[in-house]
Amino acid sequence: MEMEKDMLLNMYRKMQEIRIFETRVTELFAEGKIPGFVHSYLGEEAVAVGTCSNLKNTDYITSTHRGHGHLIAKGGQLNEMMAELYGKATGYCKGKGGSMHIADVDLGILGANGIVGGGFTIAAGAGLASKIQKKDDVTVCFFGDGASNQTTFHEGINLASVWDLPVVFVCENNMYGISLSQEKHQKIKDVSDRAVAYGIPGVTVDGNDVVAVYEAIKEAVKRARNGEGPSLIECKTYRHRGHFEGDPTNYRPDEEVQQWKAKEPIGRFRKKLLEMEVCEENELKAIDEEVADQVEKAVKFAEESPDPAVEEAVQDVYTDMIEEVWS
Amino acid sequence: MEMEKDMLLNMYRKMQEIRIFETRVTELFAEGKIPGFVHSYLGEEAVAVGTCSNLKNTDYITSTHRGHGHLIAKGGQLNEMMAELYGKATGYCKGKGGSMHIADVDLGILGANGIVGGGFTIAAGAGLASKIQKKDDVTVCFFGDGASNQTTFHEGINLASVWDLPVVFVCENNMYGISLSQEKHQKIKDVSDRAVAYGIPGVTVDGNDVVAVYEAIKEAVKRARNGEGPSLIECKTYRHRGHFEGDPTNYRPDEEVQQWKAKEPIGRFRKKLLEMEVCEENELKAIDEEVADQVEKAVKFAEESPDPAVEEAVQDVYTDMIEEVWS
Amino acid sequence: MAKMTCAEAIREALRQEMERDDRVFILGEDVGQFGGCFGVTGDLFSQYGEERVRDTPISETAIVGAAVGAAAVGMRPVAELMFNDFVTVSMDQVVNQAAKMRYMFGGKATVPMTLRMPYGGGISAAAQHSQSLEAWMTHVPGVKVVMPSTPEDYAGLLITSIRDENPVMFFENKVLYGMEGEVPETIEPLPFGKARIHREGDDVTVVALGGMVPQAMAAAEALAGDGISVEVLDPRTLVPLDVEAIKASVAKTNRLVVVHEAVKRSGFGAEIAAIVADECFDDLDAPIKRVGALNVPIPFNPILEQYVVPNADRIAKAIREIV
Amino acid sequence: MAKMTCAEAIREALRQEMERDDRVFILGEDVGQFGGCFGVTGDLFSQYGEERVRDTPISETAIVGAAVGAAAVGMRPVAELMFNDFVTVSMDQVVNQAAKMRYMFGGKATVPMTLRMPYGGGISAAAQHSQSLEAWMTHVPGVKVVMPSTPEDYAGLLITSIRDENPVMFFENKVLYGMEGEVPETIEPLPFGKARIHREGDDVTVVALGGMVPQAMAAAEALAGDGISVEVLDPRTLVPLDVEAIKASVAKTNRLVVVHEAVKRSGFGAEIAAIVADECFDDLDAPIKRVGALNVPIPFNPILEQYVVPNADRIAKAIREIV
Ligand SMILES: Cc1ncc(C[n+]2csc(CCOP(=O)(O)OP(=O)(O)O)c2C)c(N)n1
Ligand SMILES: Cc1ncc(C[n+]2csc(CCOP(=O)(O)OP(=O)(O)O)c2C)c(N)n1
Ligand SMILES: [Mg+2]
Ligand SMILES: [Mg+2]
């Protein structure tokens, strides 16, 4: 780890932001405060943080249904995020999007996506724009192991490959698409093997090791910025919760869950930081407390925010047309 | 070549059927006798014949927009085929399908397809049926290099792979999708490299060598019949004509065309048969004449056949409902 | 008769058909051990095993395409899409393959497949998981379109769908999944193209689709107090459509309101209104009203969502405008 | 003014917008050196090069998806689908991404993209290459739908489409590609939501879409001899729709026929008929007639195809039924 202390602590902070935010979200969901579906990112924090630590503000990401972690890692504000989960007017999408559609285009976050695989071709398009505009921005496309069997995986990566677009495709292989384990949805063990099909680099890393993720993505981002085209990076990880909050998870053995929890990314990273004497325990504790505080503020912000006015429902369909309202 | 003479001569005959049929079709199209689009199979005869020579009557194929060769190789009747190209009532589809939709389900021909890549998932489905029904039938899915970038390629092959379906995916790599050369539509040189993405065998053969095609497909068919799952076989070949009849083909160099014409499959096979003393020249000549005669009969059959009655237009939408006619 | 929810009724119909005909099999995402995203396939996996209740990769294109291929060679697949919104990923397989195969092949193919698709809002699932897309399918010659509203109709019409020799788009309403009703122990097929009159009335005909039937009934009930007599007609299948029943009802009431959850513009309500405006012109005493969702994507916030999607109040309001 | 075909007019509009705004670029299959399947992009490749006139793999999902992504970050892509029939392969990108992004993101995204799609029959291209699929798109809140019928309108409305901040579905009729007309040298944008009255008349309003406008004009001409005065109205854009113009015309003629090439059932004609049956009920003196293709896939044989698709005779027949 030749990285700067600041950077390492920042990575730690971001992972904790995700961890504490998501833990709180599961509670709030259970209390009935958050409508709709929630797909928790708990356990996968190292992927988003290791990846986004390589990105500038003007770089883009496309996210997924399991997107809270990506948003936080790319710089999303907890207040606006929590408010959006509540469906409040102050949320990122004014309450119109919810968990599955949070976005902040100004931060380069081109949206969570409720369609599995929805991001691949959008990411290729953003990369294409950067290329035509001769900017050095990079687009990261997050996707799951399950999404690697979607139409868009194939067409999006092929297009990025044949046009040498500055895109990094980041697979969060958490071994399941809802209830279906990887060996039941594809014959291959490593999703990164599919890079061969597009003549691009494919790498698999321990997705619970934030530094390993960081290093792998760094290479891929460099390639992309240099105009050498896309890469496919697979991060092996595991979701601690069910597919969505409320999932009985009858499809995976308890031991498996326990084994993976033992390998969870934040404890590991924390230990490493202390062992390598990057910092003192109390520095980390201070971060933990700050983040916890921040999350509570976000909850308060969300709770105290108003619902959108019903008239909002017909706004924002078009930039210039308002659709008819009830006669 | 340890193959039987009968078999070899039959392969020669089938290739000539395609060659002479297709040659005649280009003339008839130029004369305005055939409406719509015609995509000629000239030059690619060895792929269809080498492949289908491995198939039983009850095996299935899915074909493409460039499908005449597949149909003939799978046992399609020239009369019904030519009549269909003319749009006549006696055609395979009663004139409702035309060149892009000729089918003969009784012969296991699940249709030419106007949608590039339309066959992949249909082939997987036919393979699935054979598997569930515990039959040893195999389905061959023909497709082009251009089609290997379609959504269906990915989802269809992945499904066949993960379920070990008895399907053989046969790529006719003729180096172009309409005007776009392979290097402009994908980074890889061999489409068979994509087999890696599905954990299945991938093989590339000289698609203008009918015996090489035959042998490669034989292996794949054996695998499939044994329940070992699908394979991806790529046959490198070239279309002698433009993408469709009328295509100015301004996108490919003349030398390239000449080089490939020098490697055309029928002359090569003929020479080989004579060199290896499988038969005498006059046996081949006799076949040529018989086939030419057959094709002329097919033309005559088509010309003399009636157009469908207009009332036919509203039949066959459903098995049991007739849609309203003009009031 | 047994009391069951719509979801259970669908499962029972699947079970009875799987029992009766071993060509019937199920494929879709998480339909196996998991029992389906909305629990519809439930225990069928434990009863019939993974050969006949097949968990697929997340590949809607392959799910529908494989159903087409299997159907064309003699099976009777019942495919499930987790949400009808994902049919966007398999539109080609529905529209250019399943629907047209028979016709393009001159009548020489049959494609007896059923595609089950949950539709509608009401669960804060937002814009990509709450649509009602039946109208698209009615614009595709070659498929039949079924949209029931009671447990009995779900069961009986699903049996008919599976036995039908043609591709059937079977729309299931998420909110209705939990609604209970009586279903015969041995489910009999119900005919396509036969509307059900849920309530007779004289002043106005309300044609309501799927999930809007209970809302229309509630509106009718509310208006009865004011002496307005509402006839509620549920076409049950959109293709084929029981035009005669609609005409007969309008001939009696001389007034028509059409209701669906899909956005109003170019919804199937337009088709019904257009048929009546042509074929029943002389019977009509008032403008034809349509009630559908506002022409906007479905918003996440439940208050906004309720504002966008039709309900009994809106239906009552539309009725009052013309009686 | 210069005389050009619709195809040339589209190309000129593309050229002028590419000249004016370097965010505009083209992507699609064989749009480059080949000049497009119907020759529409022609020489733009030699003028603007492969960066701005981009030949894509055969990947409609990627074509439309990449257009969405590029538009969302500041470009103005004009994507071409070779046939509108292939939008089935990119429905998700149109419906769940392009159309909903702005709304789902609370108004914080703009997706200024144009999707050009040739539609219609007349060239014996059979069932998978002859459809007219505009009605689906009008059922998708978030996209605008444009369907011109003259070279001038193609040019002016394409300019408007490209400059529009929203996703625009631009439908082009294959048979009209070759039709000539006058187009201004410098093409001015034409407004969306403004119908064009191609012919004034008093006895009946014919609302005709796209390729059916010349057929409606021919029918009007034929009927003029019999003293029937037909008003031919071309809405030019379906979303937004010039409802006021249609209402004004019906208020004058008291009769309506709607014509499109798409299959009749659930075509956009139903929407227009339904609007009029609601909002112009008192003006109507006769049933509303719709003329659309028979509810069947388009057959290959030209005689059958002509039988299935509407034409001037059929339009005239429908008019006679109500005047
Ligand atoms: C096109 C589409 N199909 C199905 C779904 C339903 N669905 C939502 S998430 C999900 C599983 C995704 O698995 P994976 O890509 O591995 O991501 P993970 O949930 O494991 O993070 C499914 C099937 C969907 N939203 N979109
Ligand atoms: C989904 C779809 N996209 C585009 C087309 C138009 N099209 C017809 S054939 C063809 C080229 C196909 O190339 P390839 O798969 O290599 O087959 P080949 O024509 O070379 O035999 C294209 C683009 C189509 N029919 N369907
Ligand atoms: Mg996963
Ligand atoms: Mg090719």
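Residue numbers start from 1 in every chain, and the chains themselves are labelled A, B, ... in the order their sequence lines are given, proteins ahead of strands.
Between C:M101 and B:I122, the closest side-chain pair of non-hydrogen atoms falls below 4.5 Å. With a 4.5 Å cut-off on side-chain heavy atoms, C:E51 and B:K131 count as touching. C:K108 places none of its side-chain heavy atoms less than 4.5 Å from the side chain of B:D106. Under the 4.5 Å side-chain criterion, counting only non-hydrogen atoms from C-beta, C:T56 is in contact with B:W163.
Summarising the geometry of B:L159 relative to C:A66, their closest heavy-atom pair is CD2-CB, 3.8 Å, with the distance given to 0.1 Å. For the residue pair B:Y318 and C:G142, the shortest heavy atom distance occurs at OH-N, 3.1 Å. Nearest heavy-atom pair across B:L110 and C:F105 is O-CZ, 3.5 Å. Between C:M104 and B:C93, the closest heavy-atom pair is O-CB, 3.1 Å.
With sequence neighbours left out, B:E311 forms a salt bridge (charged side-chain N to carboxylate O under 4.0 Å, His left out) with no residue at all. Not counting sequence neighbours, the partners of C:F83 by the ring pair (Phe, Tyr, Trp, His ring centres under 6.0 Å) test are C:F38, C:F86, C:H129.
Heavy-atom distances place no part of C:F192 under 4.5 Å from chain B, backbone and side chain included. Contacts of C:D278 with chain B are absent, with no heavy-atom separation under 4.5 Å from either backbone or side chain. For a residue to count as touching a neighbouring chain, one of its non-hydrogen atoms must lie under 4.5 Å from one of that chain's; by this rule C:K144 touches chain B with backbone and side chain alike. For B:Q315, the part lying near chain C is the backbone, with the side chain staying farther off; criterion is any non-hydrogen pair under 4.5 Å. Both the backbone and the side chain of C:T61 come within contact range of chain B, with heavy atoms under 4.5 Å apart. Heavy atoms closer than 4.5 Å to chain B are found nowhere in C:V111, neither backbone nor side chain. At a 4.5 Å heavy-atom cutoff, the contact between B:L128 and chain C is made by side-chain atoms alone. Both the backbone and the side chain of B:A313 come within less than 4.5 Å of a heavy atom in chain C. Looking at C:D22, there are no atoms closer than 4.5 Å to chain B (heavy atoms on both sides), in backbone or side chain.
For chain C, the option among B:G156, B:G118, B:A126 with the highest count of heavy-atom pairs below 4.5 Å is B:A126. The choice from B:F120, B:Y60, B:Y92 that makes the most heavy-atom pairs within less than 4.5 Å of chain C is B:Y60. Ranked by non-hydrogen atom pairs under 4.5 Å with chain C, the options B:N158, B:T139, B:N113 are led by B:N113. For the options C:P57, C:G69, C:G193, heavy-atom pairs under 4.5 Å to chain B are most numerous at C:G69. When C:I58, C:V89, C:V73 are compared by the number of non-hydrogen pairs under 4.5 Å with chain B, C:V73 comes out ahead. Ranked by heavy-atom pairs under 4.5 Å with chain B, the list C:R54, C:M75, C:R52 is led by C:R54.
Enclosure of atom CD in C:Q47 by more than 12 non-hydrogen atoms of other residues, nucleotides or ligands within 6.0 angstrom is indicated. The environment of NZ in C:K247 is crowded: more than 12 heavy-atom neighbours from other residues, nucleotides or ligands sit within 6.0 Å. With a 6.0 Å radius and a threshold of 12 heavy atoms from other residues, nucleotides or ligands, B:K56 has its NZ atom above the threshold.
Of the residues B:T152, B:I115, B:T121, B:T151, the one that meets the side chain to side chain contact (heavy atoms under 4.5 Å, CB included) test with C:D92 is B:I115.
Side-chain N or O atoms of C:E165 include none that pairs as donor or acceptor with a backbone N or O of B:T319 at under 3.5 Å. Looking at B:K96, its side chain never comes within 3.5 Å of a backbone N or O of C:Y103 through a donor-acceptor pair.
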